[in-house]
Trainee: 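This is the structure, below, for whatever I ask next.
In what follows, every chain begins at residue 1, and chains take the letters A, B, ... in the order their sequences are listed.
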Number of protein chains: 2
Amino acid sequence: MELYVERGFEQTTVAEIAQRAGLTARTFFRYFADKREVLFAGSASLQEHLVSALEGAPPAAPPMEAISTALAAAAAMLGGRRAYSRQRQSVIAAHAELRERELIKMASLSAALAEGLRRRGVAAADASLAAEAGIAVFRVSFERWVSEPTERELAQVMRDSLSQLRALTADRGPDQVVDAASA
Amino acid sequence: MELYVERGFEQTTVAEIAQRAGLTARTFFRYFADKREVLFAGSASLQEHLVSALEGAPPAAPPMEAISTALAAAAAMLGGRRAYSRQRQSVIAAHAELRERELIKMASLSAALAEGLRRRGVAAADASLAAEAGIAVFRVSFERWVSEPTERELAQVMRDSLSQLRALTADRGPDQVVDAASA
DNA sequence: AGGGTGATGTCATCAAGTGACATTGAGCCA
DNA sequence: TGGCTCAATGTCACTTGATGACATCACCCT
C-alpha cells in the first residue's frame with residue numbers, strides 16, 4: 001500500500017513490494033494470488049459480516065429491508081476509517097485493473113447476498129435483483145461518502161441512497177400517475 | 001473466439017490466436033489492448049446505442065422511464081442472437097478474468113447512462129443511482145435470458161425485471177404498511 | 001535426538017505486454 | 001515510369017507477472 005501510494009500501482013513491481021517486506025517475490029505470490037489482490041485482502045471478511053447481518057434480520061422482513069440491515073453492517077465496518085478509505089479509493093480509481101478487481105469483489109458480494117436471501121425463503125429471481133440493487137446502493141453511497149466534503153456518516157448516506165432509489169423506481173411519470181388515479 | 005471455445009481462455013495463447021489469423025502476436029496487440037478485449041469488441045457500439053436511445057426518450061419522462069427506453073434498445077441489439085450470446089456467456093462465466101472485464105464494461109455503461117441522464121437535467125445523485133439500478137436490471141435480465149429454457153424475448157424479460165425491481169423497493173414490510181395506514 | 005511440517009528461498013520457465021526500428025505494399029502524383 | 005508517403009505488419013529485445021519443482025531452514029512434538 002505504501003508503494004502503491006508513493007509511486008503508483010503500475011510503477012511498483014512485485015519484487016519491490018517483496019523487498020520492502022523483507023521477502024521474495026515468490027513468497028509474495030504465496031500470500032496473494034496477484035499484484036492487485038493486496039488491496040482487497042479484507043473483502044472476504046466484509047462479505048462474511050454482511051451475510052451474517054443478513055441472516056440476523058427479522059425473518060418477516062421483506063427482501064429490501066433485510067438488505068438494508070446488511071448495508072448497515074457494512075457501514076459499521078467501514079464507517080470508522082474515512083481517511084484510509086479515501087486513500088485506498090484514490091489508488092483504485094486511478095487504475096483500470098484495480099477497478100476491475102473491485103467490481104468483481106462487489107459482484108461476489110452481490111452473489112453472497114442473493115444466496116443469503118434465498119436461504120431466507122426469498123424467490124431466486126427476487127433475491128438476485130434485490131441483491132444487485134443493494135450493491136448498487138452500496139457502491140453509490142460509498143463513493144459519495146469518500147468524495148463528499150460533508151461529514152455525513154456512511155450509514156446515513158446509505159439510508160438516504162436507499163430511499164432515493166425507492167423514490168426513483170416508484171416514479172413512473174405523469175402518464176402512469178393518471179392511470180393509477182383512474183384505476 | 002474459436003480458440004477460446006475449443007480449448008478454453010487461459011489455455012490459448014496470443015501467439016496461437018495470431019497464428020490462426022495469419023498474423024503476429026505483436027500485431028494482435030495493435031488491435032486489442034489485451035487478450036481479453038477480443039470478447040468485448042462490440043461493447044463500445046452497444047454503449048453508443050444505449051446512450052442515443054436515452055437521448056431519444058421523451059424529455060418529460062422520469063429517470064427510470066428513460067432508462068427503460070435505453071434497455072429496450074439494448075434488447076433490440078442483442079435479442080436476435082441468443083445462440084451466440086449463450087456461447088459467449090459460457091466462455092466468460094468460466095473465467096474470472098473475463099468476468100472482471102465484463103463488469104468494467106458494465107460499469108462504463110452505467111457511467112455513460114448516468115451522464116446521459118444528467119444531460120437530460122436529472123440531478124447527479126439521482127442519475128448515478130438510476131443508472132446503476134438500470135444496469136442491475138440489464139445484468140439480471142440478460143443472465144436470465146441466456147440461461148432460461150423458455151424462449152421469452154429479451155425485451156420482455158427486461159420489462160418484467162424492471163417492474164419486479166419496482167415491487168421490491170416498494171415493499172417496506174408489515175411495519176411500514178401499518179405506519180402508512182395510520183398516517 | 002530424530003523426524004515431520006510449514007514457511008521461505010532458489011531456479012527455471014512461460015506468457016503477457018511494450019518500445020524501437022525495419023519492411024512491405026498500395027495508392028498517388030509529377 | 002519513378003519515386004514518395006503512409007498505414008499495416010513484422011522483427012527483435014526486454015520487462016514483468018505468474019507458476020512449477022525442488023531445496024532449505026526453523027520449530028515443534030514425541
Trainee: Can you figure out which of D:dG10, C:dT10, C:dG19 approaches the side chain of B:Leu23 most closely?
Mentor: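 Nearest to the side chain of B:Leu23 among the choices is D:dG10.
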Trainee: Given atom CD of B:Gln19 and atom C1' of D:dG10, what is their separation to the nearest angstrom?
Mentor: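 Answer to the nearest Å: 15 Å.
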Trainee: Rounded to the nearest Å, what distance is computed from the CD atom of residue B:Glu10 to the P atom of nucleotide D:dA18?
Mentor: 12 Å
Trainee: Go through the structure and list residues passing ring-ring contact (aromatic ring centres under 6.0 Å, His included) with B:Phe29, not counting sequence neighbours.
Mentor: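 Per chain and number, B:Phe29 pairs via ring-ring contact (aromatic ring centres under 6.0 Å, His included) with no residue.
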Trainee: Describe the nucleic acid contact of A:Thr24 in one word from base, sugar-phosphate, nothing, applying a heavy-atom distance below 4.0 Å.
Mentor: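 The answer is base, as A:Thr24 lies within the cut-off (heavy atoms under 4.0 Å) of a base atom.
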Trainee: Run the salt bridge (Lys or Arg N to Asp or Glu O under 4.0 Å) check on A:Arg82 and A:Glu148 step by step: do they pass?
Mentor: CA-CA 11 Å; A:Arg82 200 191 299 241; A:Glu148 273 179 358; over 6 Å; no
Trainee: Going by modelled atom types, is there a donor-acceptor pair between the base of C:dG19 and the side chain of B:Arg26 at under 3.5 Å?
Mentor: yes
Trainee: Distance check needed: D:dA18 P versus B:His95 NE2, whole Å only.
Mentor: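 It works out to 17 Å between those atoms.
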Trainee: Round to a whole Å and report the spacing from CD1 of B:Ile17 to P of C:dA16.
Mentor: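 It is 8 Å, rounded to the nearest whole Å.
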Trainee: In terms of side-chain heavy atoms of B:Tyr31, which of D:dT9, D:dG17, D:dG20 is nearest?
Mentor: D:dT9
Trainee: Looking only at side-chain N and O atoms, does B:Thr27 come under 4.0 Å of OP1 or OP2 in D:dA8?
Mentor: no
Trainee: Establish, for the pair A:Arg36 and A:Phe9, whether the NZ or CZ atom is under 6.0 angstrom from the six-membered ring centre and no further than 45 degrees off its axis.
Mentor: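 No; the conditions do not both hold, so A:Arg36 does not lie above the ring face of A:Phe9.
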Trainee: Counting side-chain heavy atoms from C-beta on, which of C:dG17, D:dA18, D:dT9 comes nearest to A:Phe29?
Mentor: D:dA18
Trainee: Where the side chain of B:Thr169 meets the backbone of B:Leu165, is there a donor-acceptor pair that is under 3.5 Å apart?
Mentor: yes
Trainee: Using heavy atoms to find the nearest nucleotide of DNA chain C for B:Arg30 and B:Asp34 separately, return the residue whose nucleotide is more 5′.
Mentor: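 Looking at DNA chain C, the more 5' nearest nucleotide goes with B:Asp34.
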Trainee: Hey, are A:Arg144 and A:Asp160 close enough for a salt bridge, meaning a charged N less than 4.0 Å from a carboxylate O?
Mentor: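 No, this pair does not count.
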Trainee: Would you kindly give the NZ-to-C1' distance between A:Lys35 and D:dA18, to the nearest whole Å?
Mentor: 12 Å
Trainee: Starting at the 5' end of DNA chain D, which residue's closest nucleotide do you reach first, A:Phe28 or B:Ala25?
Mentor: B:Ala25
Trainee: Rounded to the nearest angstrom, tell me the gap between atom CD in B:Glu37 and atom P in C:dA16.
Mentor: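 Rounded to the whole Å, the gap is 15 Å.
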Trainee: If the cut-off is 4.0 Å, is B:Thr13 near the phosphate of C:dC14, judged by side-chain N/O to OP1 or OP2?
Mentor: no
Trainee: Within this structure, what is the CD-to-P distance between B:Gln11 and C:dC14, rounded to whole angstrom?
Mentor: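 Atom-to-atom, B:Gln11 to C:dC14, this comes out as 16 Å.
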